[in-house]
Amino acid sequence: MNSQVIIPLIIFLIAIFAIGFIASKQMSTNGGFLQEYFLGGRELGGFVLAMTMVATYGSASSFLGGPGTAYTVGFGWILLAMSQVVTGYFVLLILGKKFAILARKYNAVTMIDFLKARYNSSAVAILSALAIIIFLFSAMTAQWVGGARLIESLTGLQYTSALFIFAISVLVYVTIGGFRAVALTDAVQGAIMVVGTLILLIGVIIAGGGIPAIMQDLLNENPRLVTPYGAEGTLTPAYISSFWILVGVGVVGLPQMAIRAMSYKSSRAMHRALVIGTIVTGFIMLNMHLIGVFARPVMPGIEVGDKVIPLIALEVLPPWLAGIVLAAPMAAIMSTVDSLLLLVSSAIVKDVYLNFIKPEAPEKQVKQLSIGITGLLGIIVFLLALQPPDLLIFLNLFAFGGLEAAFIWPIVLGLYWKYGNKYGAILSMLTGIASYIAIHFYNTTNGNLLGVHTVTVPIVLSLIAYIIGSLAIQRKAFKF
C-alpha cells in the first residue's frame with residue numbers, strides 16, 4: 001500500500017463528505033422535502049447542471065470499463081465511445097424547456113411523476129417504477145464493482161474489503177445530502193475528471209515515447225488495433241452505427257439524465273449547460289479512451305481490463321500525482337452511483353409508496369423513509385457486487401439499453417405527439433422491455449441479430465407499439 005497514492009484519495013473523500021454535510025444544512029423546505037431531496041429545489045445553474053450531467057453519465061464504464069475495452073479492442077472502441085459526445089446536447093435539446101415547463105405544471109418531482117400525469121395512468125407509473133428498479137440495479141452494481149476494483153488496485157486490499165469501503169463512502173453523503181449534495185459534488189467531481197484525464201494522457205504519451213512510437217508499437221503488435229473494426233475485426237459498420245443509438249440519441253430515455261432536465265432554474269442555465277456539457281463530455285471521452293489504447297504498448301499483458309487505468313497511472317506518474325489523478329475515476333463512479341441511488345429511492349418512496357400505499361404520509365415519515373430506503377438499496381447493491389463480472393462496461397450498457405427501450409418513446413412522444421396516450425405508452429414499454437431482454441439473451445449465444453447492437457431492434461419495435469397502441473384506441477388529443 002502506497003501512502004503517497006492513498007492520501008490524496010482520502011483528502012478527496014473527506015472533501016466530498018464535507019460537501020454532502022454542508023448541502024444537508026442548506027436544504028430548503030420551501031418546496032417541501034421531496035422537491036429538495038430528490039430535485040435540489042429546481043435551482044441548478046448552468047455550470048452545475050452541465051457538470052452533474054457529465055459526471056452522472058461519465059461512470060465506471062467511461063473511466064474504467066471503456067478504457068479497459070479500448071485497451072483490448074483498439075481504436076475501433078474510441079470511435080464507438082465518441083458517439084457519446086452528443087449525450088448532454090440531445091437530452092437538453094429534445095427535453096429542454098418543454099419537459100421542465102410541464103414538470104413544473106404537474107409539480108413532478110420524478111420522471112415517473114411526469115409520466116403518470118401526462119398519461120393519467122397508474123399502470124404507466126407502476127410499470128415505469130419496475131423498469132427503473134430492475135435495470136438500475138444492474139447499473140448500480142457495475143458502479144460498485146468499478147469503485148471496489150479501483151480501491152483494490154490502489155491499496156492491495158481484498159476485493160470485498162475495497163467494496164465495503166466504497167459503499168460506506170457513497171452512502172454517507174448521499175443519504176445525508178440528497179440531490180443538492182449530489183449535484184454539488186458532481187460539479188467538483190466533473191472538474192477533477194477533466195484535469196485528471198489530461199494529466200494521465202500526457203503521462204502515458206511520454207512513457208510510450210510519443211504518439212508516433214506508440215502507433216508503431218500498436219501496428220507491430222496487430223495492425224487491426226488502429227482500424228475502426230477492432231483487434232478481432234468484430235466491430236462492423238452496422239454495429240458501430242447502431243451503437244450511436246445506445247450512447248447518443250437513446251440517452252434521452254435514461255431516467256437519470258431526464259431528471260436533470262427538470263432541475264435547472266432558468267432557460268439561460270439550460271443553454272449554458274448545453275454548451276459546457278457537450279465540450280466537457282467530448283474532452284473526457286476522447287482522452288480516457290486514448291489512454292486505454294496508448295497504455296497497451298506501455299503495459300502489455302494486463303488481463304483484467306477494468307484495472308488498466310489505475311495500473312497505468314501508478315506506472316507512469318509519481319505516486320502523489322497518481323493519487324490525485326485517480327480521484328477522477330473515483331469521482332466518476334461516485335457521481336453516477338449517487339444519482340442512481342436517488343433515482344431508485346425516489347421510484348420506491350415517491351412513485352410507489354406515496355402514490356399507492358400511503359399518500360397522506362407526514363413529511364417526517366417521508367424523510368425517514370427516503371433516507372432509510374437509500375441506505376437499504378446501497379446494502380442490496382453491495383451484496384450483488386460481491387461476484388463481479390470480468391468487464392463491467394457490458395453490465396452497465398445492458399442497463400442503459402433496457403431503460404432506453406422502456407422510456408424513450410413514452411418521454412419523447414409524450415412531449416411532442418398530442419395523440420399519444422396511456423395505451424400506447426404501456427404497449428411501448430412492455431414491447432421494449434420484453435424484446436430487449438429476449439434479444440439480449442439471443443445475442444449472447446448466437447451473435448448480434450442483424451449485426452446491430454441489442455438496443456436497436458427493441459427501440460424500433462417500441463416505437464411501432466407506441467403508435468399502434470395510441471391510434472388503435474383513440475382518445476381526445478392531449479393539450480400541452
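For clarity, every value in this text was computed on a predicted model and none was experimentally measured.
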task: Indicate the ring-plane relationship of Phe99 and Phe114, choosing parallel, tilted or perpendicular according to the 30° and 60° boundaries.
output: perpendicular
Next item on the list: Compute the ring centroids of Trp144 and Phe382, then answer whether they are less than 6.0 Å apart.
Entry: no
So CG of Leu127 and CG of Leu430: to nearest 0.5 Å the spacing works out to 5.0 Å
Heavy-atom closest pair (Ser128 atom, Leu115 atom, distance to 0.1 Å) is OG-CD1, 3.5 Å
Query raised in the report: Between Tyr436 and His440, how do the two ring planes meet: parallel, tilted or perpendicular, split at 30° and 60°?
Result: parallel
>> With heavy-atom distances below 4.5 Å as the criterion, would you say the side chains of Leu235 and Pro228 are in contact?
In response: no
| query | Hey, does the side chain of Tyr423 reach the backbone of Tyr466 with a donor-acceptor pair shorter than 3.5 angstrom? | reply | no
Lys116 and Phe356 have their tightest heavy-atom pair at CE-CZ, 4.2 Å
Check for a donor-acceptor pair, side chain of Thr281 on one end and backbone N or O of Thr278 on the other, with a separation under 3.5 Å. no
Rounding to 0.5 Å, atoms CG (Leu286) and CE (Met82) come to a distance of 4.5 Å
- Using the six-membered ring wherever Trp is involved, compare the ring planes of His453 and Phe243 and label them parallel, tilted or perpendicular (cut-offs 30° and 60°). perpendicular
Tested for side chain to side chain contact (heavy atoms under 4.5 Å, CB included) against Ile202, the lone hit among Val204, Leu198, Ile199 is Leu198
**Item:** Under 3.5 Å: donor-acceptor pair, side chain of Thr431, backbone of Ser428
**Value:** no
Taking every heavy atom of Pro410 against every heavy atom of Met429, the minimum-distance pair comes out as CG-CG, 3.7 Å
Close side-chain approach of Glu404 to Leu254, heavy-atom, < 4.5 Å: yes
Quiz item: Should Val316 and Leu200 count as side-chain neighbours, where that means a heavy-atom distance under 4.5 Å?
Solution: yes
Nearest heavy-atom contact between Val308 and Gly68 is CG2-CA, 4.2 Å
For Ala129 and Val352, the nearest pair of non-hydrogen atoms, with its separation, is CB-CG2, 3.9 Å
Between Phe398 and Phe135, ring centroids under 6.0 Å:
yes
Kindly determine whether Ile132 and Phe407 satisfy side-chain contact (heavy atoms from CB on, under 4.5 Å), including the steps that lead there.
CA-CA 10 Å; Ile132 285 176; Phe407 289 112; 3.7 Å; yes
*asked:* Any non-hydrogen side-chain atom of Ile94 less than 4.5 Å from a side-chain atom of Tyr416?
replied: yes
Here the gap from Ile309 atom CD1 to Met288 atom CE, rounded to the nearest 0.5 Å, amounts to 3.5 Å
field: Donor-acceptor pair, side chain of Thr456 and main chain of Val452, under 3.5 angstrom
entry: no
Heavy-atom nearest pair, Val293 first then Ala70, reads CG2-O, 3.5 Å
CG of Leu463 to CG of Leu413, rounded to nearest 0.5 Å, is 6.5 Å
The reported gap from CD1 in Ile133 to CD1 in Ile348 (rounded to nearest 0.5 angstrom) is 4.5 Å
When rounded to the nearest 0.5 Å, the distance separating CG of Leu290 from CG of Leu201 is 6.0 Å
Test item: Trp409 side-chain N/O and Val460 main-chain N/O as donor-acceptor pair under 3.5 Å:
no
Taking the side chain as every heavy atom from C-beta outward, state whether Ile205 and Phe294 have any pair of such atoms under 4.5 Å apart. yes
Would you call Phe75 and Leu79 a side-chain contact if the rule is heavy atoms closer than 4.5 Å?
-> no
| query | Do the non-hydrogen side-chain atoms of Gln365 and Tyr353 ever get within less than 4.5 Å of each other? | reply | yes
Side chain to side chain, Ser435 and Val457, heavy atoms closer than 4.5 Å
no
